[in-house]
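Okay, structure first, notes after.
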Amino acid sequence: AKMKKLSKRQQQLIDLLSDGWEIGWSSTLDGSVWIQKGGVGRGGEYRRVHAATAQSLRDIGLIVCVKSGFPTSLYRLAP
């Protein structure tokens, strides 16, 4: 199947991820999602992410869970 063109928001996430950022996905009720430079919890710059954007990247298989856990699961680019 031909790859659907990514939205600007999706593409920004992919660009950051390929630059060594990592997505943190909260497993608490608020389900917040963020992306952090150098990896989640390492003190780097971080930005909030729309859950729907992260969800869509997960659904099409572009990001994969590398550590599932409470209170945070970690996602990176699919290999």
Side-chain angles (χ1 to χ4, degrees):
K2 196 164 133 294
M3 195 59 196
K4 197 165 130 287
K5 192 162 162 27
L6 296 177
S7 73
K8 197 172 157 195
R9 215 175 250 165
Q10 288 172 321
Q11 190 59 57
Q12 281 173 336
L13 281 187
I14 294 297
D15 292 346
L16 289 173
L17 287 164
S18 48
D19 206 24
W21 293 52
E22 187 175 58
I23 287 176
W25 204 314
S26 171
S27 40
T28 56
L29 283 176
D30 72 337
S32 60
V33 183
W34 67 96
I35 188 165
Q36 193 163 11
K37 190 172 188 158
V40 170
R42 300 221 167 89
E45 177 196 343
Y46 76 95
R47 303 177 191 170
R48 291 297 301 256
V49 172
H50 289 268
T53 307
Q55 182 86 50
S56 60
L57 290 174
R58 185 172 70 180
D59 289 348
I60 56 180
L62 285 180
I63 63 172
V64 292
C65 185
V66 290
K67 179 182 169 286
S68 179
F70 185 85
T72 307
S73 291
L74 306 181
Y75 283 78
R76 293 191 192 141
L77 275 183

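Note that the structure is predicted; figures quoted are calculated from it, not measured. Just so you know, these numbers use all the heavy atoms, side chains as well, and skip hydrogens, waters and symmetry mates.
In this view, Q12 satisfies the side-chain hydrogen bond (donor to acceptor under 3.5 Å, both in side chains) rule with no residue, not counting sequence neighbours. Every residue two or more places apart in sequence or in another chain that forms a side-chain contact (heavy atoms from CB on, under 4.5 Å) with S7 is listed here: R9, Q10.
Contact of the R76 side chain with the E22 side chain is registered, since non-hydrogen atoms from C-beta on lie closer than 4.5 Å. Side-chain contact check for I63 versus L13: every heavy-atom pair is 4.5 Å or farther apart.
For the pair S32 (side chain) and R48 (backbone), a donor-acceptor distance under 3.5 Å is absent.
Atom CD of Q11 sits about 9.0 Å away from atom CG of L62, to the nearest 0.5 Å. Going from atom OG1 of T72 over to atom CD1 of I23 covers 13.0 Å, rounded to the nearest 0.5 Å. Interatomic distance, K37 NZ to L16 CG, rounded to the nearest 0.5 Å: 9.0 Å.
Residue I35 is not grouped with residue V40 when hydrophobic side chains (ILVMFWY) are merged at heavy-atom distances under 4.5 angstrom, including chains of intermediate members. Hydrophobic clustering of Ile, Leu, Val, Met, Phe, Trp and Tyr side chains at less than 4.5 Å, counting indirect connections, unites L77 with V49. Cluster membership for I14 and Y46, using ILVMFWY side-chain heavy atoms within less than 4.5 angstrom, is not shared. Cluster annotation: L57 and V64 are assigned to distinct hydrophobic clusters (Ile/Leu/Val/Met/Phe/Trp/Tyr, side-chain heavy-atom contacts under 4.5 Å, transitive). Tracing side-chain contacts under 4.5 Å through hydrophobic residues (I, L, V, M, F, W, Y), one never reaches W34 starting from L17; they form parts of separate clusters.
The two residues S27 and G69 make their nearest non-hydrogen contact at OG-O, 3.2 Å. Scanning all heavy atoms of the two residues, the minimum distance from G24 to L74 falls at CA-CD2, 4.4 Å. For the residue pair R47 and W21, the shortest heavy atom distance occurs at NE-CH2, 3.8 Å. Listed here is the closest heavy atom pair of S26 and D30: OG-OD1, 3.5 Å. In terms of heavy-atom proximity, G31 sits nearest to A51 at O-CB, 4.3 Å. The heavy-atom pair separating G61 from A78 by the smallest distance is O-CB, 3.3 Å.
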